Amino acid sequence: MVTQHFSSALSAPAVPAVYPMAKPGYGKRSAPGQQPRTRDDFASLPTRERYVAGFVDHLPDGAAMSIKQLAKQLPLYGQQAVSTALNALSVAGHLRRVRCAVGAGDETRWAFRTFWSRTARDNEWWNTYLATEDASRNAHAAPTAPSPPASAPNAPARAAAPQQRTAPEPTSPAPATTPATPSARTVPPTAPTAAPSPAYLALAELGRRDVRLTLSADDCAALEAQAAQWFARGVNADYLIAALTAGLPAQVDCPPRFVRRRLTDKIPPQLPTTRDTSASAPSSAGRILVECTDCGRPGLPEALPDGLCRPCRTAHSAVGRPSPDPTEIAAVKAHMANLRDLLKAP
């Protein structure tokens, strides 16, 4: 017996046997706790949104969820219509587009996913679920310290080996020393001179860059400690020379005193010590950001209610306003026609 279905909504097209799948870690992700699939799913949605939702609901996890790919499989609507339908489904609480960082170190990249729920959820549920998903990712990405190997409780203690006596090795007789002749004189070795420090070389280079800052060897040695403080704060020789030679007066009477004053006044700020990023790597790798379903702008789940940013949410609210009553439209048209007749009257 055939039962006629009187619903005016379009039935969702069947999912093709070979549907494009996204890369591993991307694409569609089904949210937990969904109600069983029924014939009346998405009955409260408009025709177009119900058509798109029925198709997306039957897609397997990992399927490609780009607007271009969906529009290829939906013959009745183009990319703009599919994009508008996805915005409406996001406001209705059926999907959230997110991005999360995967990888570690310099190889971190963004993975884009679309969480789908057949059952409509509110913003509070989505925020809680995404926070739970974020926490679980961080827990899996946290490095576990290797546990020390447990010692066997019943292992017998190794007996100490008796110390063996070995015959002493025969010592070679000391070589006979020849008496030194009066003519042979021993010359004491000269200590190697230490290489000049980068601070000393930078000060010595000032006179070559600008003759007004020519320093002697004693002047460079006296100012070396102050210049070394600059290098300790992370600057190089070029930075130091440029800072000392910039904006010189027409005449410098005492170059050592002038350089000493500039070394004190223009010393760069102390940079904070570099933090160890190994501990914070798991949290950054597992962080989930919600994307605006319309424009793709990322943000925290709390900052994008309904899965839309503020400008897109305002535009969607303006588009979703109810159309005026047909009787009001007829009254306006009649009023305008009456005004035209009055203008035509002599």
Side-chain angles (χ1 to χ4, degrees), residues 101-110 138 141-148 171-287 289 298-300:
V102 295
D106 298 335
E107 298 181 356
T108 303
R109 66 183 187 278
W110 289 107
N138 292 338
T144 57
S147 57
T171 59
S172 60
T177 58
T178 59
T181 58
S183 59
R185 295 182 180 179
T186 58
V187 179
T190 58
T193 57
S197 65
Y200 185 93
L201 295 176
L203 293 173
E205 185 68 19
L206 290 176
R208 299 183 180 182
R209 298 291 181 91
D210 198 307
V211 295
R212 289 172 290 182
L213 296 183
T214 303
L215 300 176
S216 64
D218 294 339
D219 295 336
C220 294
L223 299 173
E224 183 179 3
Q226 280 186 276
Q229 296 180 5
W230 287 54
F231 285 89
R233 301 194 177 196
V235 302
N236 53 15
D238 294 336
Y239 182 93
L240 174 63
I241 294 174
L244 296 179
T245 57
L248 293 177
Q251 182 179 357
V252 179
D253 297 331
C254 184
R257 184 173 57 188
F258 183 85
V259 173
R260 180 181 292 108
R261 183 59 182 269
R262 285 208 164 184
L263 286 174
T264 304
D265 295 344
K266 290 192 173 185
I267 187 170
Q270 182 69 43
L271 297 178
T273 56
T274 305
R275 298 184 303 172
D276 186 12
T277 57
S278 60
S280 59
S283 59
S284 60
R287 188 169 184 79
L289 298 178
L300 296 177

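Just so we're clear, the structure is a prediction, and the values are computed from it rather than from any experiment.
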Nearest heavy-atom neighbours spanning [X] and [Y]:
| X | Y | result |
| --- | --- | --- |
| Leu223 | Pro256 | CD1-O, 4.0 Å |
| Lys266 | Ala246 | NZ-O, 4.0 Å |
| Pro268 | Tyr239 | CB-OH, 4.3 Å |
| Tyr200 | Ala221 | CE1-N, 3.7 Å |
| Phe258 | Leu244 | CE2-O, 4.4 Å |
| Ala237 | Phe231 | N-CE2, 3.6 Å |

Problem set entry | side chain to side chain contact (heavy atoms under 4.5 Å, CB included) partners of Ile267, counting only residues at least two apart |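 Once residues adjacent in sequence are excluded, the partners of Ile267 under the side chain to side chain contact (heavy atoms under 4.5 Å, CB included) criterion are Gln229, Trp230, Arg233.
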Enter the distance from [X]:[atom1] to [Y]:[atom2] here, rounded to the nearest 0.5 Å.
| X | Y | atom1 | atom2 | value |
| --- | --- | --- | --- | --- |
| Arg260 | Cys254 | CZ | SG | 8.0 Å |
| Asp219 | Thr214 | CG | OG1 | 10.5 Å |
| Thr245 | Arg262 | OG1 | CZ | 8.0 Å |

Acceptor/donor pairs from residues 201-210 side chains to any protein atom, 3.5 angstrom cut, sequence neighbours excluded:
from   : atom 1 : to     : atom 2 : distance (Å)
Asp210 : OD1    : Arg212 : N      : 3.0
Asp210 : OD1    : Arg212 : NE     : 3.0
Asp210 : OD2    : Arg212 : NH2    : 2.9

